[in-house]
Every structure is written in structure tokens, then in C-alpha cells.
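Report on one structure; see the data block that follows.
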Amino acid sequence: MALPLPPGLTPPEVAFLCEMELVTVVPRQRLEGLELLGGTTPELRPPYRAVLPLWLALLLKRQRRANILPPPWLHPSSLDTILRLETEVHKETFSPPPLFPPSNNNLHETRSAPFLPSCTADAAADALPYHWLEVGEILLDAAPDDLVEPDTVRRLMRDLREVRMAKMRAGVAVLDGGAVVGLKGVGGMEVSEGRAFISGVIDNLRKIGASREQSRREREAEERENGYDDADEDEDMGL
Amino acid sequence: MDIDDILADIDGGSGGSLATEDLQALTRAWVNEKGSPEILTYPSELIERVMDRIRKQIETIEMQTGDMDPKMNFRLVILQTELERFKYLIRSFLRVRLAKIDKHALHILTNSEVKARLSASEIQYLTAHQALLHSHYRASFLAQFPPNLQRLDDTAGGISMVEHPDLDQVIFCRVLHDVADPITIEGTDTADVWLKRGDIFVVRWRHVADAVTKGEVELI
């Protein structure tokens with residue numbers, strides 16, 4: 001059976017992807033390393049911390065076998081700082097994402113979200129990682145007792161989300177058929193939400209302007225060939 | 001041994017192993033395939049390695065299921081949860097490819113460069129499915145049409161019946177490595193755009209397709 005879904009990831013698929021993010025746990029029980037398909041898990045020995053994928057951490061948390069150590073950016077004071085960055089410093093764009101690790105020049109080995117340690121206890125405190133919204137919501141839902149002031153965190157997350165949604169909406173005004181739009185710092189769920197609208201607008205505007213773009217391209221090619229020759233523009237070409 | 005040693009030990013253990021790299025590669029292939037308007041090259045070696053591991057893991061689970069030890073049971077729950085996640089990843093990847101194969105069937109069949117991106121079983125599916133469809137169309141209505149209207153790949157009137165993927169469709173992508181040449185979109189007012197590591201862009205697929213194949217850019 002083929003997949004009757006629109007291009008891009010749907011919200012449940014983004015959540016699935018987000019569950020591969022690495023988080024830090026403090027185990028409450030011993031568990032030897034397991035040979036999983038995605039690599040061997042570290043041995044769990046209380047009270048030593050270990051880094052596990054989120055789905056496994058959630059499983060352990062649900063059975064009260066471990067506590068999740070929230071990433072530093074999910075702390076009320078960090079969220080407050082980031083919210084101030086979003087509203088006062090970077091008024092037009094998203095606040096800068098965490099630093100991308102240095103390139104190791106091997107094209108096929110570069111890690112990106114969700115395999116960066118951007119949600120572990122060692123993550124940066126002053127930047128929202130790619131899956132900030134999903135990780136935040138999941139942890140608020142599954143492990144509120146591990147967070148510092150979960151209610152404040154929830155409120156700040158909501159504020160951040162609204163500020164960033166407003167920016168996403170404001171960005172719609174500049175869309176046009178030939179645009180290359182930079183969205184540095186955007187989150188996974190935000191892409192998933194905005195994808196249908198943004199790509200729909202750009203694609204349709206491009207189709208409307210296709211003939212003009214085509215004739216302009218031809219004229220420019222002609223101009224390059226024989227200096228500046230004012231060729232007649234045929235607006236209706238291709239329609 | 002203090003905590004830093006243990007953390008370093010853990011980092012060394014979980015990162016860089018082939019299994020972890022394969023998971024990353026498969027995830028990236030899945031997301032790329034979901035985002036791109038045209039079908040991408042089938043990563044046959046990667047899928048083979050992953051399927052092999054899945055087979056072995058199923059065997060392990062089957063062997064250990066008889067064990068009644070509760071501790072063992074919990075480990076099996078973890079193994080099975082992960083197995084399901086992998087199976088979902090592979091299934092979703094193959095299904096999104098099938099959707100594209102169905103949609104652009106004639107385009108792929110007539111274009112050897114695109115056809116080469118398919119796996120052997122995908123090509124088999126494509127040809128068998130198209131043959132079935134064609135004989136069905138012929139039996140149910142095409143045979144009653146005048147001969148000059150019977151073709152399914154007609155290009156009369158300047159409009160092709162074959163549906164091609166829209167290479168100008170915009171996609172969302174993340175730059176993994178600086179790309180040497182800037183993107184120029186001819187015929188528009190857009191200035192040249194340089195792709196720098198860590199940036200996220202909404203851009204036409206045509207302009208980043210090569211970079212995605214090379215691994216310099218990934219879709220999101």
C-alpha cells in the first residue's frame with residue numbers, strides 16, 4: 001500500500017522523530033546494556049547518569065525505573081531568557097539555535113537533529129533546539145515531577161510558542177514565487193504546521209508568475225549573448 | 001572512576017558504532033524521501049544491513065520469549081518496542097516510495113536515469129502493476145476508442161499525458177555543509193543565496209537536489 005500523505009512530515013511523524021532525541025536519565029534500577037538495533041545502550045547503574053533515546057527514557061520513566069534529567073533550556077530561568085531574546089533582541093527572526101557541532105568533513109557522517117545531544121543535561125541553556133516544542137510537551141506530559149516548576153515552564157512554553165507563531169505568520173507577507181526563505185532557528189513542529197501553507201503560497205505564486213519568469217529568463221539569456229538588446233516581452237507565453 | 005570518566009565511556013560506547021550510524025542514515029533517507037517531489041536513489045546496502053539486523057533481533061526475541069524471568073521480560077519489552085520503531089521506519093520509507101512510483105509511473109518507466117534509482121523489487125512492482133493497469137484499461141474502455149486516442153502517453157496539443165514530478169516545488173531543508181556555489185534563481189528578483197552550515201531554507205527542490213544527493217543538504 002502506498003502512502004496517501006502530503007509531502008513532508010505530519011505532526012505524529014515529527015513526534016516519532018523527536019522520540020529519537022537523546023536525553024539524560026538518572027536510573028533507579030540496574031539494567032545491563034542492551035543490544036538494540038540502533039546501537040548498544042549504556043549500562044544503567046544508579047545513581048550514575050546515562051544518555052538514552054527519549055522513547056526508552058519514557059518507557060523507563062513510566063515504570064518508575066528512572067528519572068529524566070530535563071535539558072538546561074527547559075528550566076524556567078532559561079526559558080525566560082530565551083523569551084526575552086525572542087521578543088526584545090531578535091524581533092523579526094527566531095532566536096539563534098544551538099551551535100551546530102564543527103564539521104568533520106565527512107559528508108555522510110554529519111549528525112543533525114534528532115541525533116545531536118541538544119536535549120541532554122549537557123545541552124546549551126540559552127538556545128532552543130530543533131525539537132524544543134515536542135520534547136518540552138512530552139516531558140511536561142510524562143515527567144512533570146522531574147521538571148523545575150512545571151507550571152511556570154508550561155506557561156513560558158506557551159508564551160514562546162505564541163511569539164514564534166506570530167513571527168511565522170508575519171513572514172508570510174514576504175512570500176513570493178521566486179523566493180528563497182531563510183528560517184534559521186525554526187522548530188520541527190513549526191515546520192510541520194507551516195509547511196502546507198508556505199509551500200502552497202510559494203508554489204501557486206510561482207505557477208501564476210511562471211510565464212513572466214520564463215520570458216524574463218529568456219530575455220536575460222539573450223541579453224547575455226548579444227549585449228543589451230531590448231527584446232519584446234511576451235507575457236502570455238506558455239499559458 | 002569519577003562521573004566524567006563514566007560519561008566519556010558512555011559517549012564512546014553509544015556514538016560512532018555502525019548500527020547507530022545506520023539508524024541516522026535511515027532516518028535521514030526517510031525524511032528526505034518524504035520531503036522531495038521526485039524519487040531518490042534506493043539505499044540498497046543500508047536497507048540490507050538494517051533488514052539483516054531486524055531478522056537477527058526477531059530471532060533473539062523469539063528465543064528469549066520462553067524465559068519466565070520478570071527481569072528478562074522487561075528487557076524483551078524494550079527490544080520489541082525498538083523493533084517496532086525500526087519496522088515502522090522501513091515501512092513508511094518504502095510506502096512513500098511506492099506512492100511516488102504509482103504517481104509518476106510512466107515518467108519513471110521512460111526515463112532510464114530515474115529508473116536506475118529504484119530497487120529490483122520496486123522495478124518489478126512498477127512493470128507488473130503498469131502491465132495490469134494497462135490491460136485493464138484496454139479491456140474496459142480503451143479498446144472502444146478510435147485507435148489514435150488509445151495511447152496513455154499522448155503529447156498531442158502540447159500537453160503531455162505523462163505526469164512528471166514538479167522539480168520546482170519548494171521544500172524545507174537544512175544545510176549540513178557549506179555549499180560552494182550560491183543558488184541563483186534566474187528570472188526572478190531573488191539575490192544569490194549562499195547555503196551555510198546550520199541554516200534552514202525554503203527553496204525550490206531543483207536547486208538543492210544535487211546537494212541532497214551529495215549529503216551537503218538534508219530535507220526536514
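Every chain is numbered from 1 and lettered A, B, ... according to where its sequence line falls, protein lines coming before strand lines. Please read these numbers as outputs of a predicted model, since none were measured by experiment.
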With a 4.5 angstrom heavy-atom cut-off, could you sort out which part of A:L34 is near chain B: side chain, backbone, both or neither?
side chain
Can you tell me which of B:L79, B:I78, B:D199 forms the most heavy-atom pairs within a distance under 4.5 Å of chain A?
B:I78
Salt-bridge contact A:E213-B:R204 (side-chain N to carboxylate O under 4.0 Å)
yes
Any idea which heavy atoms bring A:A66 and A:V25 closest together, and the distance?
CB-CB, 4.4 Å
By a 4.5 Å heavy-atom criterion (distance strictly below it), what part of B:L83 contacts chain A: side chain, backbone, both, or neither?
both
Okay, B:R174 and chain A: the region with an atom under 4.5 Å from a heavy atom over there is side chain
Region of A:Y130 that comes under 4.5 Å of a non-hydrogen atom in chain B
side chain
Quick check on the interface: out of A:S192, A:S112, A:P7, who has the most heavy-atom pairs with chain B under 4.5 Å?
A:S112
Rounded at 0.5 Å granularity, tell me how far OG1 in B:T60 sits from CZ in B:R75.
11.0 Å
Residues in salt bridge (Lys or Arg N to Asp or Glu O under 4.0 Å) with A:R65, at least two apart?
none
Look at B:D166, B:I101, B:D22, B:T81 and state which one has the largest set of heavy-atom pairs under 4.5 Å with chain A.
B:D166
Carboxylate-amine/guanidinium contact A:R161 A:E193, below 4.0 Å
yes
Need one label for B:E33: side chain, backbone, both or neither, based on atoms under 4.5 Å from any heavy atom in chain A.
neither
Test of understanding: with salt bridge (Lys or Arg N to Asp or Glu O under 4.0 Å), list the residues that count as partners of B:E122, not counting sequence neighbours.
B:R97
Tell me whether B:D52 is salt-bridged to B:R55, with the criterion being a basic N under 4.0 Å from an acidic carboxylate O.
yes
Between B:V175, B:V193, B:D168, who has the most heavy-atom pairs with chain A when the cutoff is under 4.5 Å?
B:D168
Among A:E190, A:E86, A:E92, which one satisfies salt bridge (Lys or Arg N to Asp or Glu O under 4.0 Å) with A:K167?
A:E86
Contact origin within A:L31 toward chain B - heavy atom pairs under 4.5 Å
side chain
Pick from A:L17, A:L56, A:L59, A:L9 with the largest number of heavy-atom pairs that fall under 4.5 Å of chain B
A:L9
Please look at A:E35 and chain B and tell me whether the side chain, the backbone, both or neither of the residue comes under 4.5 angstrom of a heavy atom of that chain.
backbone
